[in-house]
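One structure is given here, and the rest of the page talks about it.
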2 protein chains.
Amino acid sequence: MSMRKDGLATREKILDGARDLVLRLGYSGMKIDHVLEHVGITKGAFFHHFKTKDELAKALLRRYASQDALIYAETREQAEKLSDDPLQQILIFIRLFEDMFSEMTEPYPGCLLASYVYELQQFDDETRSLLHETFARWRTLLQEKFELIVKKYPPKTPVNPAQLADGFTVVLEGAFILAKAMNDARMASEQLRLYRNYIELLFAAPAPAR
Amino acid sequence: MSMRKDGLATREKILDGARDLVLRLGYSGMKIDHVLEHVGITKGAFFHHFKTKDELAKALLRRYASQDALIYAETREQAEKLSDDPLQQILIFIRLFEDMFSEMTEPYPGCLLASYVYELQQFDDETRSLLHETFARWRTLLQEKFELIVKKYPPKTPVNPAQLADGFTVVLEGAFILAKAMNDARMASEQLRLYRNYIELLFAAPAPAR
DNA sequence: GCCTAAACAGACCAAACGGTCCGGAAATAT
DNA sequence: ATATTTCCGGACCGTTTGGTCTGTTTAGGC
């Protein structure tokens with residue numbers, strides 16, 4: 001029942017190290033020996049916690065997805081506390097993410113899901129559907145808000161709430177890529193600001209809280 | 001001087017096959033033996049055309065970048081023929097890309113540059129700066145237009161032409177990722193439409209040509 | 001304090017992988 | 001025709017890589 005020794009801490013260290021390396025080298029480029037050196041453990045420790053590299057991949061993905069879901073949920077709650085209006089909630093939501101990224105001094109290391117997507121073929125169905133579900137959950141989260149907004153504030157142009165919701169993820173993922181390629185830490189917050197600007201113009205919102 | 005035999009055709013076949021596999025498996029996931037089987041050649045043929053796998057990587061990137069530059073240039077020319085107004089030119093430019101992607105029946109296989117970016121650490125400086133330059137060129141291409149537009153049509157909100165230009169690439173790259181993850185071929189054209197919609201609202205353009 | 005099982009360390013292994021080498025076919029120059 | 005060079009097939013090689021195995025240490029249960 002209780003965690004014996006400190007095995008769980010080692011497991012987390014492995015997951016952290018592997019995540020860092022996957023974001024720098026890709027999943028195939030991340031070699032186990034490299035993780036061992038990076039984390040400061042041995043083969044015995046690693047394979048005690050993970051039967052295979054594939055199992056590490058899945059654990060890594062699951063952890064990342066749940067951590068991300070937590071951030072999304074917390075940010076959403078925070079936005080909902082600051083306003084009752086769905087449009088304002090979305091605008092605050094985006095702005096909170098902008099603030100998160102604007103404080104960074106070097107480019108965001110990237111999204112683990114995206115790095116998996118670009119090596120998609122070598123993962124099994126379980127991993128692929130996990131990716132699908134995670135992105136789908138992000139879509140649903142914002143889609144609900146946009147449906148409320150569309151009803152309350154007639155958009156200047158006919159728009160699809162699901163597409164608008166995907167837009168957030170699209171901008172984030174795209175910005176991560178350009179941020180790394182151009183070595184520009186401000187990319188993510190800048191592009192999110194443009195996305196927020198779009199939402200403002202589309203629904204003709206009053207000037208948002210600064 | 002002249003190309004003897006048909007070695008150049010084989011070289012192209014290798015590049016095509018390698019590109020396909022990189023987009024499915026990533027660069028590290030793309031194994032040479034797999035390329036040989038996919039293309040239908042042998043080790044002797046491969047290493048006759050490319051000294052190392054790294055050299056293949058660079059050749060692949062250079063070819064992709066120049067092909068992409070050609071598409072951008074042609075689309076830009078086409079847009080400039082259809083209108084003299086910089087704003088209309090941009091809107092047509094985006095729409096032409098939308099049309100390119102709307103005809104697809106399966107998700108766009110992805111951008112080779114992006115797949116390199118997510119394994120960036122394992123490439124040398126030459127490759128990395130080639131990535132940087134390619135993205136920078138795309139930025140400049142649209143930035144010039146946006147600078148003209150901003151002067152001619154005062155935007156509803158203060159905007160940065162370079163950031164607006166990056167927005168196009170950001171949306172494209174992000175859409176490719178979601179398209180693969182969600183297995184949705186329409187993602188790219190849909191998200192480009194939203195980007196175009198943003199530009200329209202921002203500069204309060206008249207309804208674009210349908 | 002003793003037992004048990006988790007939590008490692010590290011030598012070892014088989015397969016996969018990038019790359020070499022040499023022989024031969026095929027095309028071109030002379 | 002012959003020499004020469006490109007082009008390619010395929011056996012071979014050293015290293016890397018994911019994974020195994022055995023032994024040892026360490027932390028709790030009693």
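The sequence lines fix the lettering, A, B, ..., with proteins before strands; numbering per chain opens at 1.
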At a cut-off of 3.5 Å, list every protein nitrogen or oxygen paired with a nitrogen or oxygen from nucleotides 15-17 of chain C, distance to 0.1 Å.
none

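Side-chain contact, A:D124 with A:T127: a donor N or O sits under 3.5 Å from an acceptor N or O.
For B:Y72 and B:F97, the ring centers sit closer than 6.0 Å to each other.
Listed candidates were C:dG19, D:dG19, C:dC8. Nearest to the side chain of B:F47 is C:dG19. For A:A45, taking side-chain heavy atoms from C-beta onward, the closest of the listed nucleotides C:dC8, D:dG19, D:dG10 is C:dC8.
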Extract all donor-acceptor atom pairs below 3.5 Å that involve side chains of residues 112-119 of chain B and protein atoms in other chains or at least two apart in sequence.
from   : atom 1 : to     : atom 2 : distance (Å)
B:S115 : OG     : B:L112 : O      : 3.1
B:Y116 : OH     : B:A57  : O      : 2.8
B:Y118 : OH     : A:C111 : N      : 3.0
B:E119 : OE1    : B:S28  : N      : 3.1
B:E119 : OE1    : B:S28  : OG     : 3.2
B:E119 : OE1    : B:Q122 : NE2    : 3.1
B:E119 : OE2    : B:Y27  : N      : 2.7

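OP1 or OP2 of C:dC8 has not a single side-chain nitrogen or oxygen of A:H48 nearer than 4.0 Å. Note on A:T10: every side-chain N or O is 4.0 Å or more away from OP1 and OP2 of C:dA7.
Summarising the geometry, the separation between NZ on B:K13 and C1' on D:dC7 is reported as 13 Å, rounded to the nearest angstrom. Rounded to whole Å, atom C1' of C:dG19 lies 12 Å from atom CG of B:L36.
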Does A:M30 form a side chain to side chain contact (heavy atoms under 4.5 Å, CB included) with A:L56? I'd like the steps, not just the answer.
CA-CA 11 Å; A:M30 180 269 290; A:L56 169 69; 3.9 Å; yes
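Taking a 4.0 Å limit (strictly below) on heavy-atom distances, residues 16-24 of chain B does not reach DNA chain D anywhere.
By the 30° and 60° cut-offs, the orientation of the rings of B:F93 relative to B:F168 is tilted.
No more than 12 heavy atoms of other residues, nucleotides or ligands lie within 6.0 Å of CZ in B:R186, so this atom counts as exposed by the packing criterion.
Using a 4.0 Å cut-off between a side-chain N of Lys or Arg and a carboxylate O of Asp or Glu, B:K145 and B:E80 qualify as a salt bridge.
When each of A:I94, A:I90, A:I92 is checked for a side chain to side chain contact (heavy atoms under 4.5 Å, CB included) with A:R196, only A:I94 meets the rule.
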